[in-house]
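Worksheet: the structure to be examined is printed underneath.
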Amino acid sequence: MSLPFNVANHLDTVLRAVATKLGLADRGFQPEVRVADPANGDYQANGALAFAKREKLNPRALGQQIVDQLGGLQEHFDISLAGPGFINFRLRPATLLAWLQTYDSEEHLQAGAASARRGQTWIVDYSAPNTAKQMHVGHLRSAVIGEAICRLLAFSGAKVIRDNHIGDWGTQFGKLIWACKRHLDATALAGDPLEEFERLYKLGTKAAEADPAVLAEAQHELVKLQTGDAENLAIWKKINDVSLAAFQVIYGQLGIRFDVSLGESFYNDKVARIYRELTECGLAQESQGALVVFHPEHPRFKTQPFIIRKKDGAANYASSDLATVLYRAEHFKVDGAAYVIDFRQSDHMDQLFLTTRKWFEKTGRKLPQLEHVDFGTVLGGDGKPLKTRNGENIRLKDLLAEARERAFALVSGKNPDFPEAERRAIADVVGVASVQYADLSQNRSSDYVFAWDKMISLEGNTAAYLLYAVARIRSIFRKAGLDTGQPPVAGATAPESPQELALARKLGKFSDAVQLATGTLRPHFLGLHLYELAGAFSTFYAADKVIVDDPAVRARRLLLCHRTLVELEAGLHLLGLRTDLERM
Ligand code: ARG
């Protein structure tokens with residue numbers, strides 16, 4: 001029998017069956033299978049200890065009782081009992097070889113990776129900038145993390161709908177239209193339209209702040225827009241088209257393609273139903289002219305309600321988000337929705353989810369799984385949110401351009417003899433990947449400091465370090481006149497040297513890393529695996545010559561090189577990075 005893709009899951013299944021047989025299962029025995037410290041083996045099952053304590057049994061004896069039932073696993077594992085009843089499993093070299101032979105491509109890895117989410121439909125709400133403004137560094141995280149989440153979910157067998165929930169219907173349009181009508185510079189508009197709209201927006205905001213008459217005029221423009229005035233609608237549409245075209249350039253560089261872009265305006269005509277339903281089912285009530293939902297069981301939301309319609313009767317962020325949940329449930333029939341949004345919107349998300357849960361229950365709807373995939377702030381060296389020297393937001397397009405320039409300097413320093421066009425092409429990959437990976441290699445819930453020197457570097461847990469490993473493996477094949485598409489690995493024997501074994505073991509943990517990253521919606525777990533894998537590869541490559549005369553040794557070392565390449569690329573693609581470079 002060959003071993004399934006995820007060995008830990010397999011062990012869990014076997015141990016549960018044993019527990020049933022021994023009469024432990026109905027007393028609540030949990031196997032608690034974990035990836036082990038490599039010194040102890042590959043996996044470890046810790047469940048005997050907690051169970052024995054609770055049931056007042058001797059843990060070591062219980063452990064032995066379980067081990068005695070694991071004869072069927074001996075073919076694949078060295079099994080040993082340690083300390084007070086920990087069961088250690090060390091994969092046998094022949095099993096490692098069989099695993100590596102099976103998972104020989106990105107497709108086969110994916111076929112193995114299918115999870116409980118297989119067949120589910122998930123919508124991922126990410127990026128979602130507001131129109132009429134350039135995307136700035138604050139928009140980086142949602143886009144980059146969101147894309148990785150989409151790819152992880154799709155890899156595990158879910159059907160993924162990528163939705164850019166753009167902010168295209170805010171109160172900003174009053175001031176903007178006011179300014180467009182009076183101060184539009186046609187030449188500037190033809191040159192860089194988004195720049196011009198941004199200038200007009202700032203101008204309109206300032207003017208409205210300084211003069212109440214302007215503020216009143218701007219509010220009137222907004223009402224006209226909302227009530228369907230043709231001229232204002234045309235200006236609004238133009239602003240959105242221009243904004244989307246500019247966003248598209250960034251998405252192209254980040255490898256992002258949305259399936260739908262249903263922004264706030266799409267839900268305009270869908271909010272009246274929300275007011276009606278929530279009122280009818282007794283959740284919403286009038287309060288000081290607004291329509292609100294209180295959550296009496298919640299420490300804060302019992303007094304600080306979710307405002308779903310403003311005093312002036314206008315819809316707001318909450319109304320459109322409620323209409324959005326309903327649309328996703330009814331139209332897309334989603335099983336889950338992941339909202340990749342800044343942690344500062346946590347209160348909004350909590351209230352949205354609480355309200356939706358109660359509302360769906362009262363109306364007998366199936367509630368999709370709702371996940372706020374939150375993230376922290378990108379900080380500058382001073383520990384404050386990253387800004388330019390003049391205190392402005394850094395535009396994403398400038399940031400990505402600088403990343404490519406810095407990567408070009410790095411590549412040129414290392415390989416001054418490569419033709420310039422090639423160095424540029426490499427820098428395009430490395431520059432953008434470095435920015436993406438700096439973000440993804442951190443636990444998303446934390447803030448992180450944006451530091452060019454650290455992120456565009458060949459040392460440390462960086463994209464350049466991982467891509468360098470990719471390029472190096474390609475070079476090994478190229479220099480030996482071999483094709484990575486058809487690696488000559490027939491006749492490979494099981495890994496033998498300590499470095500071969502360490503690398504093979506690391507390769508087998510890909511499934512655990514993907515499962516953890518997908519289960520928690522935290523891509524950094526996969527990043528960490530790739531980093532450790534590249535490290536294990538380096539150690540192996542420094543110790544063991546690959547292109548040797550002995551055909552069996554050569555085949556098995558080429559197999560290890562090839563599978564490292566496959567996993568590094570599969571993993572980097574899952575994170576949304578490009579890996580198309582031959583050398584570096
Ligand atoms: N446009 C919003 C902002 O810039 C983000 C929207 C996120 N998605 C959502 N369904 N609320 O803050």
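For ligands, and for the atoms within them, numbers begin at 1 and follow the listed sequence. Worth knowing before you read on, the calculation uses all heavy atoms, side chains too, and leaves out hydrogens, waters and symmetry mates. These figures come from a predicted structure and were not determined experimentally.
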query: How would you list, by chain and number, the residues with a heavy atom under 4.0 angstrom from ligand 1?
result: D125, A128, N130, H165, Y317, D321, Y339, I341, Q345
task: Look at the rings of Y251 and F258 and say which category their plane angle falls in: under 30° parallel, 30 to 60° tilted, over 60° perpendicular.
output: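 Perpendicular, since the angle between the ring planes exceeds 60°.
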task: Could you label the plane-to-plane angle of the F450 and W452 rings as parallel, tilted or perpendicular, counting under 30° as parallel and over 60° as perpendicular?
output: perpendicular
field: Polar contact flag, side-chain donor to acceptor under 3.5 angstrom, N461-S441
entry: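 Absent: no donor and acceptor within the cut-off.
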- request: State, without any angle test, whether E459 and Y465 hold a side-chain donor-acceptor pair at a distance under 3.5 Å.
  value: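 Their side chains do not contain a donor-acceptor pair, so the 3.5 Å distance test is not met.
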message: Using the rule salt bridge (Lys or Arg N to Asp or Glu O under 4.0 Å), only one of R395, K133, K202 pairs with E195; which is it?
response: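 One option only clears the test, and that one is R395.
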- request: Sequence neighbours left out, what passes ring pair (Phe, Tyr, Trp, His ring centres under 6.0 Å) with F360? Give chain and number order.
  value: none
